[in-house]
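All values reported here derive from a predicted model rather than from experimental measurement. These numbers come from the heavy atoms of this one structure, side chains and all, not from hydrogens, waters or symmetry mates. Convention: sequence-line order gives letters A, B, ...; per-chain numbering from 1.
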Amino acid sequence: MSEDMAGFRDRVSVIVSQIPHGRVMTYGQIAALCGNARAARVVGGIAHFGDPNLPWQRVVNRKGGMARGYYGGRKTQQRELESEGIVFDAEGHIADLQNVLWHPELS
DNA sequence: GGGCTGACTGACG
DNA sequence: ACGTCAGCCAGCC
C-alpha cells in the first residue's frame, strides 16, 4: 500500500490542481503522469465527477480543444482560456498548444 | 462480482 | 483533408 491510498481519480485531481495559470494539459499527458497513458478517457470521466473547484478548463484534448461535453459547451472553455492569456486559432483550437502545454516533469 | 459507459487517442478509408 | 471505427482502462450501476 503505497499509492493505493489514492486511486487514479485522486492523482488526476492533484495534477489538474497543479496546472498553473495560463497553461494547459492534455488528457493523455495527465493519464501518462498517473501511470496509464492509455487511460485518457478515464481522465475525462474523472473530470466530470471530480472536484468542480479544480481548473478542468485547463484540461484539453490533443487538438487543443474539446471533443464534447464540457460544462456549458466548449465555447465556454475557449473563453475561459483566452481570459488566461491563451491564444486560440480560427479553427477553435489552441494556436500554439506546445507553447502553453504545462510540463510538470520539467518544473 | 460482472458488464456498460465515456470531457480520449490513434489508425484507417 | 475529413469522417468513421476500434482499443484502451478506471469508475459507476
Side-chain angles (χ1 to χ4, degrees):
Chain A
M1 39 188 286
S2 320
E3 31 92 322
D4 305 61
M5 301 176 69
F8 196 93
R9 202 262 307 181
D10 293 285
R11 302 190 211 178
V12 174
S13 299
V14 173
I15 292 177
V16 174
S17 66
Q18 291 290 13
I19 303 177
H21 180 277
R23 288 283 193 265
V24 299
M25 284 187 73
T26 66
Y27 295 99
Q29 186 175 2
I30 294 172
L33 290 172
C34 288
N36 292 321
R38 303 182 178 178
R41 307 179 65 166
V42 180
V43 177
I46 292 166
H48 189 158
F49 205 72
D51 194 324
N53 194 4
L54 297 178
W56 294 110
Q57 58 214 67
R58 293 177 184 153
V59 184
V60 298
N61 60 23
R62 248 324 191 180
K63 296 181 284 293
M66 282 272 128
R68 61 190 175 197
Y70 186 75
Y71 66 86
R74 59 187 185 186
K75 180 68 177 187
T76 302
Q77 186 194 27
Q78 180 177 330
R79 188 177 61 222
E80 293 292 299
L81 293 176
E82 288 182 303
S83 183
E84 297 197 2
I86 296 177
V87 181
F88 276 76
D89 192 277
E91 300 174 32
H93 71 271
I94 297 176
D96 202 348
L97 182 59
Q98 58 182 316
N99 189 45
V100 296
L101 259 183
W102 166 239
H103 302 269
E105 24 189 337
L106 298 182
S107 69

Sugar-phosphate or base contact per nucleotide [nucleotides 8-13 of chain C; S, B, -; heavy atom under 4.0 Å] = BBSSS-
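- To the nearest angstrom, C1' of dC8(B) lies 8 Å from CG of Asn61(A).
- Criterion: ILVMFWY side-chain heavy atoms under 4.5 Å apart, direct or through other members. Under it, Trp102(A) and Val12(A) are part of a common hydrophobic cluster.
- The same ILVMFWY cluster, assembled from side-chain heavy atoms under 4.5 Å apart, contains both Met25(A) and Ile46(A).
- Nearest heavy-atom pair, Ile15(A) versus Cys34(A), reported as atom, atom and distance to 0.1 Å: CD1-SG, 3.6 Å.
- Atom C1' of nucleotide dT9(B) and atom CG of Leu97(A) are separated by 14 Å, given to the nearest angstrom.
- Counting heavy atoms from C-beta outward, Val100(A) and Ile94(A) have side chains that approach closer than 4.5 Å.
- Figure legend. dC13(C) is base-paired to dG2(B); pairs are counted as Watson-Crick or G-U wobble with both atom distances under 3.5 Å.
- In terms of heavy-atom proximity, Ile19(A) sits nearest to Arg23(A) at CG2-O, 3.4 Å.
- The partner of dA11(B) is dT4(C), judged by Watson-Crick or G-U wobble contacts that both fall below 3.5 Å.
- For the pair Lys63(A) NZ and dA11(B) P, the interatomic distance rounds to 13 Å; values are reported in whole Å.
- Of the candidates Arg79(A), Gln78(A), Gln77(A), Gln77(A) is the only one forming a side-chain contact (heavy atoms from CB on, under 4.5 Å) with Gln57(A).
- When the P atom of dC8(B) is taken as reference, atom CD1 of Ile30(A) falls 12 Å away, rounded to whole Å.
- Whole-Å rounding puts the Arg62(A) CZ to dG7(C) P distance at 22 Å.
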